[in-house]
Amino acid sequence: MNTEKQIIKWGILEYGQWQLYVATTEKGLCYIGSPGQSFEELKAWMQKRFPYASLIVNEEALMPYINELQEYFEGTRQSFSLRIDVKGTPFQEEIWEALKQIPYGKTCSYSDIASLVQRPAAVRAVGTAIGANPVLITVPCHRVIGKNGAITGYRGGTEMKQYLLQLESQNGGMPNA
């Protein structure tokens, strides 16, 4: 385990009624929180993933990330250019990479992702890995829906998931569901 002291910079993205904690390491975006999340939840996540890190508020350092997210919410951005720094198990990281292949405005099912990573029987494990995605929106787990087209669980809440899918369908994409 890496015991080197690390700095995690954080800030808040405000969009409509949402306040989302956003955090970055020196390597890139490492976290986007859920609506209604507390600062204590951000600290608990950080202590689990980066146990030797210090959280420092630094809105200025987060502005490039916050700006891209705001552009996405405004419908003027369909992809993200800034680096991300996510850590998970090899399986989680494989799933998160597969999620990045889902085009803007499109959806697929959990079983589609399982097939994409050549593990068609691992649908539940795929769902668990998707639920552990630390960077909502930029790794587009909201684009994964139930096989029957149902809006299923989402760390940001189903209301946020529905909003994101509708936003994308109105700005150049059409959900497959």
Side-chain angles (χ1 to χ4, degrees), residues 1-15 17-70 72-73 80-102 110 113-114 116-117 119 121-146 151-164:
M1 174 183 278
N2 184 358
T3 60
E4 185 178 315
K5 192 71 169 169
Q6 201 174 8
I7 303 277
I8 308 257
K9 298 173 185 167
W10 69 273
I12 296 176
L13 163 65
E14 294 188 40
Y15 184 78
Q17 77 268 19
W18 295 334
Q19 285 191 331
L20 307 174
Y21 287 99
V22 180
T24 184
T25 67
E26 64 183 23
K27 295 178 184 174
L29 183 68
C30 66
Y31 187 77
I32 298 175
S34 303
Q37 178 185 38
S38 71
F39 182 71
E40 293 304 314
E41 291 172 288
L42 169 63
K43 283 180 20 182
W45 173 85
M46 192 248 353
Q47 288 171 347
K48 183 177 178 183
R49 299 288 176 140
F50 299 94
Y52 298 98
S54 296
L55 269 175
I56 306 289
V57 64
N58 187 330
E59 300 264 341
E60 186 177 323
L62 273 286
M63 285 316 296
Y65 300 95
I66 289 172
N67 288 341
E68 282 201 6
L69 288 162
Q70 286 178 326
Y72 169 84
F73 284 131
F80 298 93
S81 64
L82 298 169
R83 295 177 304 153
I84 62 172
D85 181 17
V86 292
K87 305 230 181 317
T89 67
F91 181 74
Q92 287 172 330
E93 291 178 10
E94 180 180 19
I95 298 305
W96 301 338
E97 281 301 314
L99 295 176
K100 292 193 238 176
Q101 306 311 309
I102 307 169
Y110 294 88
I113 297 294
L116 184 64
V117 298
R119 297 178 188 179
V123 176
R124 286 181 190 251
V126 165
T128 300
I130 290 171
N133 172 19
V135 285
L136 299 180
I137 305 161
T138 57
V139 173
C141 53
H142 61 277
R143 296 179 188 153
V144 182
I145 60 175
I151 304 294
T152 54
Y154 182 62
R155 182 169 61 83
T158 55
E159 181 181 310
M160 182 183 206
K161 186 172 187 169
Q162 287 176 309
Y163 175 85
L164 297 174

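In this chain, residues are counted from 1 in sequence order. These values consider heavy atoms only, across backbone and side chains, with no hydrogens, waters or symmetry-generated copies.
Tyr15 meets the ring pair (Phe, Tyr, Trp, His ring centres under 6.0 Å) test with Phe73; sequence neighbours excluded. Not counting sequence neighbours, Glu60 has no partner by the salt bridge (charged side-chain N to carboxylate O under 4.0 Å, His left out) test. Take Phe50 and apply the ring pair (Phe, Tyr, Trp, His ring centres under 6.0 Å) test, not counting sequence neighbours, and it matches Trp45. Every residue two or more places apart in sequence or in another chain was checked for a side-chain contact (heavy atoms from CB on, under 4.5 Å) with Gln47, and none qualifies. Judged as a side-chain contact (heavy atoms from CB on, under 4.5 Å), and not counting sequence neighbours, the contacts of Leu82 are Pro64, Tyr65, Glu68. Applying the salt bridge (charged side-chain N to carboxylate O under 4.0 Å, His left out) test to Arg83 and every residue at least two apart in sequence or in another chain returns nothing. The side-chain hydrogen bond (donor to acceptor under 3.5 Å, both in side chains) check on Tyr110 picks up Thr152, with sequence neighbours excluded. The salt bridge (charged side-chain N to carboxylate O under 4.0 Å, His left out) search around Lys87 returns Asp85, not counting sequence neighbours. Residues that satisfy the ring pair (Phe, Tyr, Trp, His ring centres under 6.0 Å) test with Trp96, not counting sequence neighbours, are absent from this structure. With sequence neighbours left out, the side-chain contact (heavy atoms from CB on, under 4.5 Å) criterion links Ala44 to no other residue. By the ring pair (Phe, Tyr, Trp, His ring centres under 6.0 Å) test, Tyr163 is found to be paired with Trp18, residues two or more places apart in sequence or in another chain being considered. In terms of the salt bridge (charged side-chain N to carboxylate O under 4.0 Å, His left out) criterion, Glu159 has no residue partners (sequence neighbours excluded).
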Side chain to side chain contact (heavy atoms under 4.5 Å, CB included) assessment of Glu97 paired with Ile95: CA-CA 5 Å; Glu97 281 301 314; Ile95 298 305; over 6 Å; no
Criterion side chain to side chain contact (heavy atoms under 4.5 Å, CB included) on Ile12 and Leu20, from CA distance to verdict: CA-CA 6 Å; Ile12 296 176; Leu20 307 174; over 6 Å; no
Step-by-step side chain to side chain contact (heavy atoms under 4.5 Å, CB included) determination, His142 to Ile130: CA-CA 9 Å; His142 61 277; Ile130 290 171; over 6 Å; no
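The minimum heavy-atom distance linking Leu136 with Arg155 is given by the pair CG-NH2, 3.2 Å. What you find for Asn58 and Lys9 is that their closest heavy atoms are ND2-CD, 3.9 Å. Scanning all heavy atoms of the two residues, the minimum distance from Cys141 to Asn133 falls at SG-ND2, 3.1 Å. When all heavy atoms of Ala132 and Gln92 are compared, the pair lying nearest together is CB-NE2, 3.4 Å. Residues Pro35 and Gly156 share a closest heavy-atom pair of CD-O, 3.4 Å. The shortest heavy-atom contact between Glu93 and Val86 is OE2-O, 3.9 Å.
With rounding to the nearest 0.5 Å, the separation of CG in Leu13 from CD in Gln70 is 5.5 Å. We find the CZ-SG distance between Arg49 and Cys30 to be 10.0 Å, quoted to the nearest 0.5 Å. A distance of 9.5 Å separates CD in Gln17 from CE in Met160, rounded to the nearest 0.5 Å. Note: Ile113 CD1 to Gln101 CD = 9.0 Å, rounded to the nearest 0.5 Å. Here the CZ-NZ distance, from Arg143 to Lys161, works out to 12.0 Å after rounding to the nearest 0.5 Å. To the nearest 0.5 angstrom, Gln6 atom CD is 12.5 Å from Tyr52 atom OH.
With contacts defined as side-chain heavy-atom distances shorter than 4.5 Å, the pair Tyr72/Leu164 qualifies. No side-chain heavy atom of Glu40 sits less than 4.5 Å from a side-chain heavy atom of Leu42. Looking at heavy atoms from C-beta onward, Ile102 lies in side-chain contact with Leu99 at the 4.5 angstrom threshold. Annotation: side chain of Thr24 is not in contact with side chain of Ile8 (no heavy-atom distance under 4.5 Å).
Thr128 places a side-chain N or O within donor-acceptor distance of the main-chain N or O of Arg124, the cut-off being under 3.5 Å.
Separation of the Tyr21 and Tyr31 ring centroids does not fall under the 6.0 Å cut-off.
Salt-bridge formation is detected for the pair Arg119/Glu94: a Lys NZ or Arg NE/NH1/NH2 atom is positioned less than 4.0 Å from an Asp or Glu carboxylate oxygen.
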